[in-house]
Amino acid sequence: MAWHERAPARWESEKRIGHQLLEDGRSGISDDGVVFLEGVFHVRSRHGHRYESVRLRVEYPPSFPERGTTPKVVLLSHRDRWKEGGDSHINSDWSLCLFVAGECGIDFRRSDSLNALFAVTQTVLFKEHLYQQALVREALTGEKAVWPGDARSHGMAGIAEAVHGMGGVGRNEACPCGSGKKFKVCCLRRLRR
Amino acid sequence: MAWDEERSRRRAKENDFDDFEVDVQDLRRTLDFRNLSKRDVRRAEGVHLYVDVPNFHSAVDDAGNDQQTQRKLVRAASVLRKIQGDLLEQDDVGDIQRQTVRLHGLVYKPYDSNEESRASDRATAAVIHAISQNSYALDVFNKAFEDVRSFGSAVGLASGTSYIANIGKHGKRELISLGSCANLAAKALGGRDSITVTEDLYNDLSNCLRRHFLKSAVVSGVQTYRSTGLRWSRHAELAEELGVDWDGDGWLKKTEEYRDGLPLHDIEISDATSPIDLGVLTERNCKRTAAVAIYADLDGFTRYVQEAENDEKVVSLIRQFHMIRAEFHAVVGSDFDGLVVQHRGDCLLALLHLPGGDGEHAQRCRQAVDIAIALQSSMEHVLNKQLEDRKDIHLAVGLAVGRAFITRLGKQGRRVSICFGPEVSSAERLQLRTGAKQIRIAEAIYSELEDEDLRSSFTKNSDAYLATGLTFPKMDRVSEEKAARAGSLGATVKEGKVVVTTAATPETGTWYNSRPWRSH
């Protein structure tokens, strides 16, 4: 049974929040069984100026909302304008690297956690907007584009930084990478290696 | 209380007046502009005339904050206004707008301008009226009002075609004249006891009048001619030649009647402790308040009117004017707690007087600067996107802080709000020196600004501070980028809306530092 069938009230809550924050929003289950919300998210300034309007898809893992799993936010638009990879914090599948799940501070068991996810998405996408402009400048002037603000290192180094930042993670706790597995059977082994 | 671009954009869409039908007709006997509805526009050929008291600002300075002197000034302004109206009526001159002591009239009779003789008749009638206005103020009014500074009087006149529209809300009469001739008449105004006319008008004058004028300055590219000291008391032979029967004693008697009908003790002046309701103010019920005066002038609008070759374009401009005006009113009165006092053509005068009390001075100054930035933001980021091909309309804003005196003069149903005070005059002067997309603020306001980014947007310019191109979206971009780099950019969702903050910390509870990570 898919998670949204196990927790229909939660799914309703997710859809309600999604429809408030996504224009032209829709929700459903993809052919490969992924529960999703989709729509246009406006990245706005404090006074409502629109920096970007991006089409996003929030994809839920099968075990959501338990075991420390987090939804994935995938960029459907801007693929012709923005560059993924490098320091862009956009993965090759166009999902956004929003945070190291374990240190994001969002409790996804809470029914309003999608609000926090969108809040993070807002700040990351604003930074992405700046970074992509810096990439264009880099191409024109050679001035190196730098991600604006703090970011964890790529790959396992980032997990190590997060674990350190969290003051350590217990072996049986959920892995901070957001896989849904225990730390000891996931990143802990790789970190030891 | 804040400006929001999305909200502003929604308002502009709702107020685009694209279904607003406007009927443009030539001004004629059966279609004058006395009872114009919001949909009627009159194309008028005639002479625009501005009458002003050039030293009224000094009289305002004399009054300062002394209640009794303010009463005297209100009474003087009220009586002057009444007699100005009587003179307009006597000479059959159209009453376009009355500001504090400034009058804008239109000599449009005889109708239909196609014949040269009619243009000449109108020019002569307009100058006769100008002489009467100056004669009244300088020879009659000042005799009856020795308790205030002796008022000067000056008249500026220009002829041409203009469009008269009623932009008043809720059935109120608030006329606006679109066209360069009205602006030219205002700009041509000279000093005490002067009458200034444009070259076209000068050429239309009869010889007996023309000989009293000398070539003067070029104003907005137009040669002007000026006469000084042209009053009926000094030129009885001219009055006779023109058939004018000037009754100075009669006007003095009327003035004294009006003056005595408004005893000083009947004029109540109170300090505003709650939002001022303009609707209840009369010359007998006036308000004083600590306030920031805001003048915002549309730069470039007149040029489009001038360039409008056909009625269709004029109609489109009038629709756009309604949209701009509606948005500015919403910014001042809905986004903030400001008070729109008056429109002077395409210039808006507003006050920010709340929260009350001198102790809230700093807060008022900061919020008034926010209003100025909000007006610029609406103009540059919202309205200019709706103005189709007319992208060169911008705003110039002037701000000064001090005390303002507000009341309404005139008969019931036709009362006009007036507002004065030394700093109200300063705000106007600051705005007049300000160009498109600029905000000029008095030093007293600048010194209350705390936000470093905002302070650094202004540069000292003479006795004031000037910012160019300052809008909230631009400021947001700078402050949010700075916060992103410093790790204090955050956001939260409130009532279905993302709210951004640049001062997020783990303690604020706002989701603060995203620290993204590349999983591979």
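The figures that follow rest on heavy atoms only: side chains count, while hydrogens, waters and symmetry mates do not. Sequence lines set the chain letters: A, B, ... in the order given, protein chains first and strands last, and positions in each chain run from 1.
The 12-atom threshold is not exceeded at CZ of Arg110(A), counting heavy atoms of other residues, nucleotides or ligands nearer than 6.0 Å. The environment of NZ in Lys83(A) is sparse: at most 12 heavy-atom neighbours from other residues, nucleotides or ligands sit within 6.0 Å. Residue Arg50(A) places its CZ atom among more than 12 non-hydrogen atoms of other residues, nucleotides or ligands, all under 6.0 Å distant. The environment of Asp31(A) atom CG is sparse: at most 12 non-hydrogen atoms of other residues, nucleotides or ligands sit within 6.0 angstrom.
Of the atoms belonging to His42(A), not a single heavy atom falls under 4.5 Å from chain B. Using a 4.5 Å cut-off between heavy atoms, Val146(A) contacts chain B through its backbone alone, with no side-chain atom that close. For Lys494(B), no part lies under 4.5 angstrom from a heavy atom of chain A. Neither the backbone nor the side chain of Arg7(B) has a heavy atom closer than 4.5 Å to any heavy atom of chain A. Heavy-atom distances place the side chain of Phe41(A), and not its backbone, under 4.5 Å from chain B. When heavy atoms are compared at a cutoff of 4.5 Å, Ser479(B) approaches chain A solely by way of its side chain, counted from C-beta outward.
For the atom pair Met475(B) CE and His47(A) NE2, the distance stands at 7.5 Å (nearest 0.5 Å). Here the NE2 atom belonging to His49(A) is positioned 8.0 Å from the OG1 atom belonging to Thr471(B), to the nearest 0.5 angstrom. A distance of 3.5 Å separates CD in Glu6(B) from CZ in Arg44(A), rounded to the nearest 0.5 Å.
Arg46(A) and Glu480(B) get closest at one heavy-atom pair: N-OE2, 2.7 Å. Here the closest heavy-atom approach between residue Arg477(B) and residue His129(A) is recorded as NH1-NE2, 3.2 Å. Nearest heavy atom pair, residue Gly496(B) against residue Gln20(A), reads CA-OE1, 3.5 Å. The shortest heavy-atom contact between Ala119(A) and Ala491(B) is CB-O, 3.4 Å.
Here Leu21(A) is the residue among Leu21(A), Asp112(A), Thr121(A) with the most heavy-atom pairs under 4.5 Å with chain B. Options Gln122(A), His19(A), Glu161(A) differ in how many heavy-atom pairs under 4.5 Å they form with chain B, and the most are formed by Gln122(A).
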